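Accompanying notes for the structure given below.
To find a chain, count down the sequence lines: A is the first, B the second, and so on, and within it residues start at 1. Fair warning: this is a prediction, and the values are worked out from it, not measured in the lab.
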Amino acid sequence: MATSAFSRLPGFRDFPPEDLAFRNHIFDAWRRVALRYGFLEYDGPPLESLDLYVEKSGEEIVGQLYNFVDKGDRPVALRPEMTPSLARILGERNRAMSKPIRWFTVPQLFRYERQQRGRLREHYQWNVDIVGEDGVGADAEVLAVAIDALRELGLGAEDFRARVSDRRLLSALLVALGVAEDRLMQAFAVIDKIERQGGEKTRERLISETGVDADAAARIVELLSESSLEGLAARFGDRPEVREELARLEEYVGILRAMGLGDFVEVDLTIVRGLAYYTGIVFELFDRKGELRAICGGGRYDRLLELVGGDPLPAVGFGMGDVVLGELLRERGLVPPYARTVEYFVVVVGDGERHAALSLAHALREQGRSVAYSFKGQSVRKQFKAAEQEGAAQVVVVGPDEWARGVVMVRDMSTGAEREVPVGDLAGS
RNA sequence: GUGGGCGUAGCUCAGUCGGUUAGAGCGCCAGGUUGUGGCCCUGGAGGUCGCCGGUUCAAAUCCGGUCGCUCACCCCA
């Protein structure tokens, strides 16, 4: 509406009760699934030292941070992601912890960027990580957690899919096709863009940015559409370094199939996940229609803890935001109906029964029941309307005649059935 | 940061070849004579037509700017 001096900041959200209920619906599913897999919940501060992010991503990241200098002259930033904090926390205490460490968290993250669909300046992101385990079983476990969370929220294989790849496999394939070792990062950057830029542009960029010839560039682009591990094995089976990487991804997919999650998983070599810290298997979850941004992304990052000054520990994890996921759930009609409810609404017939009614209401609350009533004397009709508004399951009518006989009238609002109940039965005395 | 689209009640919108006190539905409030809700009926509150400026006798309507929202790009979570 009208722009007031006190309007909400762009990219930030309010959560009135109905919206908060939906958010909690998502959070609850996340927590249930994480706990089901034996993960422990943790948290950290929303404000961190700016260096924590510059260290990992370079100076250019500062332009996208909510950062400032605090009153103690410390450069600080609202956390844009959780993984650096996790690395810091574990760096301080992992030696005393048994491995593997399985932790999850639901932090609110901030990023100073222009907002658009699925992307605000603030969001909540479920982070799930396994630290201290380099086996592919941990990679598979983490993806299974992500898939099961979406299933928990009512989404199925017809709604979303996980696209998986492995940077080590892609590296081996690219080297086999003529990309120099020191140009692999550039090649990743180009391949990461193939979906938006198309094969033609990708070929051109591979030639100009990674130094391969036109023939090799064409073969690389063609290779990227190969989605079957068997196909890759048939083509590169004679190369031991490729076979080794292929075997790991096969085991990974095999584990997920054994869990019954095979329908959700597709190998896709174009998934490389930005440029940051991933070192092995990477994955992203997308809606099947391809209308939305990635719902979730993650993978193995074996060097990160070392990078922020901790012990070298292998790690794998993912982040899943509430914004894109919320959009998908809304589109699929998977928003649970919202309705306010109280168990009892106490109707006071006349002022003479007001104190009696209050004592009864409070006795019910002492028993843990939710109870509401009108704060001022109103007609019974009016009070019933209020009870309706509150979503009361039962209305307790405290009237002079009944109260004199030690009973109250209880009406079941869904059936309309009424019965007299001794006050002692309700008050629990 | 760049470009396109859009800004009328709390919500969804109508109203613009410029012309009297800007409308509807839903929601909200009050009432339908303090012993009964959903339906219904009556009444009411609520809008500087995003904001600023310009053109005009006259602007929600035309023009410019600005802010906000939104989509795409960039980049990424």
Side-chain angles (χ1 to χ4, degrees), chain A residues 1-5 7-14 16 18 53 56-58 60-66 78-84 106-127 189 192-193 196-197 272-278 284-285 291-299 317-325 339 345-354 357 374 376-403 408-418 420:
Chain A
M1 241 344 66
T3 41
S4 141
S7 60
R8 197 159 25 86
L9 256 25
F12 287 80
R13 297 170 290 175
D14 292 324
E18 189 165 357
Y53 306 111
K56 182 180 71 75
S57 314
E60 64 275 12
I61 189 93
V62 177
Q64 302 182 343
L65 291 176
Y66 260 102
L78 286 169
R79 58 188 177 195
E81 57 171 329
M82 197 61 186
T83 310
V106 184
Q108 187 175 24
L109 305 178
F110 306 86
R111 195 125 178 163
Y112 195 88
E113 285 188 310
R114 178 171 292 190
Q115 68 158 325
Q116 50 186 292
R117 186 172 196 205
R119 217 169 148 194
L120 309 175
R121 288 182 170 178
E122 146 278 318
H123 75 153
Y124 290 87
Q125 189 189 65
W126 185 38
N127 276 241
D192 188 41
K193 298 277 181 296
R196 289 205 176 284
Q197 302 191 326
V272 299
R273 299 282 303 149
L275 285 173
Y277 41 73
Y278 291 102
E284 293 186 346
L285 267 46
E291 294 171 338
L292 305 172
R293 294 168 179 282
I295 302 162
C296 165
F318 69 81
M320 182 186 293
D322 69 317
V323 180
V324 176
L325 176 56
F345 192 100
V346 178
V347 166
V348 186
V349 174
D351 285 338
E353 294 79 49
R354 188 144 198 92
S374 297
K376 60 189 177 193
Q378 288 179 312
S379 68
V380 171
R381 169 191 174 84
K382 189 79 181 167
Q383 292 181 73
F384 263 88
K385 284 191 176 184
E388 173 71 21
Q389 285 287 326
E390 298 276 351
Q394 313 270 328
V395 167
V396 178
V397 181
V398 180
D401 304 339
E402 295 98 326
W403 190 259
V408 289
M409 183 74 83
V410 177
R411 180 183 178 90
D412 182 304
M413 291 296 273
S414 57
T415 67
E418 291 187 346
E420 286 191 345

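Between B:C73 and A:R196, a contact under 4.0 Å exists linking OP1 or OP2 to a side-chain N or O. Within the structure, a side-chain polar atom (N or O) of A:K382 is placed less than 4.0 Å from OP1 or OP2 of B:G31.
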Residues A:E122, A:R13; criterion salt bridge (charged side-chain N to carboxylate O under 4.0 Å, His left out); working and verdict: CA-CA 8 Å; A:E122 146 278 318; A:R13 297 170 290 175; 2.7 Å; yes
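Put simply, the side chain of A:E390 and the base of B:G37 share no donor and acceptor less than 3.5 Å apart. No hydrogens or angles were tested; on distance alone, nothing pairs the side chain of A:Q383 with the base of B:U34 as donor and acceptor under 3.5 Å. Between the base of B:C75 and the side chain of A:R119 there is a donor-acceptor pair shorter than 3.5 Å. Below the 3.5 angstrom threshold, one finds no donor paired with an acceptor across the side chain of A:R381 and the base of B:G35.
Pairing partner, B:A77: none, since no Watson-Crick or wobble contact has both distances short of 3.5 Å. Across all strands shown, B:U61 forms no Watson-Crick or G-U wobble pair with both key distances under 3.5 Å. Under the Watson-Crick or G-U wobble criterion, with both distances below 3.5 Å, B:G3 is paired with B:C71. Pairing for B:A30 goes to B:U42, judged as Watson-Crick or G-U wobble with the two contacts each under 3.5 Å. In this entry B:C17 has no Watson-Crick or G-U wobble partner, no candidate having both defining distances under 3.5 Å. Across all strands shown, B:C49 forms no Watson-Crick or G-U wobble pair with both distances under 3.5 Å. Under the Watson-Crick or G-U wobble criterion, with both distances below 3.5 Å, B:U12 is paired with B:A24.
Rounded to whole Å, the distance from OH on A:Y112 to C1' on B:C75 is 15 Å. Look at CG on A:L65: it is 13 Å from P on B:C76, rounded to the nearest Å. Atom OH of A:Y53 and atom C1' of B:A77 are 13 Å apart (whole Å). Note: CD (A:E418) to P (B:G37) measures 10 Å, nearest angstrom. Computed from coordinates, the A:R111 CZ to B:C75 P distance equals 13 Å when rounded to whole Å. Here B:C71 presents its C1' atom at 10 Å from CZ of A:R293, a figure rounded to the nearest Å. Here the P atom of nucleotide B:A77 and the CG atom of A:D192 are 9 Å apart, to the nearest Å. Atom CD of A:E388 and atom C1' of B:C28 are 16 Å apart (whole Å).
Nearest-nucleotide positions on RNA chain B place A:D401 closer to the 5' end than the other of A:S414 and A:D401.
With salt bridges taken as basic N to acidic carboxylate O contacts below 4.0 Å, one links A:R119 and A:E113. Between A:D351 and A:K376, none of the side-chain N atoms (NZ, or NE/NH1/NH2) sits under 4.0 Å from a carboxylate O, so this pair counts as no salt bridge.
Nucleic acid contact class of A:D351 (heavy atoms, under 4.0 Å, all strands): none. Here A:G416 lies in heavy-atom contact (under 4.0 Å) with a base. Across all strands, A:K193 comes closer than 4.0 Å only to sugar-phosphate atoms, never to a base (heavy-atom distances). Using a 4.0 Å heavy-atom criterion, one finds that A:L325 contacts no nucleic acid atom at all. Within the nucleic acid shown, A:G399 comes within 4.0 Å of at least one base atom, counting heavy atoms only.
In the set B:G35, B:G37, B:A77, the nucleotide with an atom closest to the side chain of A:R273 is B:A77. For A:V380, counting side-chain heavy atoms from C-beta on, the closest listed nucleotide (B:C75, B:G37, B:G35) is B:G35. Nearest nucleotide to the A:Q64 side chain, out of B:A77, B:C40, B:C75: B:C75. Residue A:M413 has its side chain nearest to B:G37 when only B:U34, B:G37, B:G35 are considered. Counting only heavy atoms from C-beta on, A:K385 has its side chain closest to B:G38 among B:G35, B:C75, B:G38. Out of B:G35, B:U36, B:U34, the shortest distance to the side chain of A:E402 is found at B:G35.
For the C1' atoms, the distance from B:G25 to B:A9 is 12 Å, rounded to whole Å.
Across every non-hydrogen atom of A:I295 and A:M320, the tightest pair is O-CG, 3.5 Å.
By the 6.0 Å contact criterion, OH on A:Y112 is open, its count of non-hydrogen atoms from other residues, nucleotides or ligands being 12 or less.
Here the side chain of A:Q378 pairs no donor or acceptor atom with the backbone of A:Q383 at under 3.5 angstrom.
Note that NZ of A:K385 is 8.5 Å distant from OG of A:S379, once rounded to the nearest 0.5 Å.
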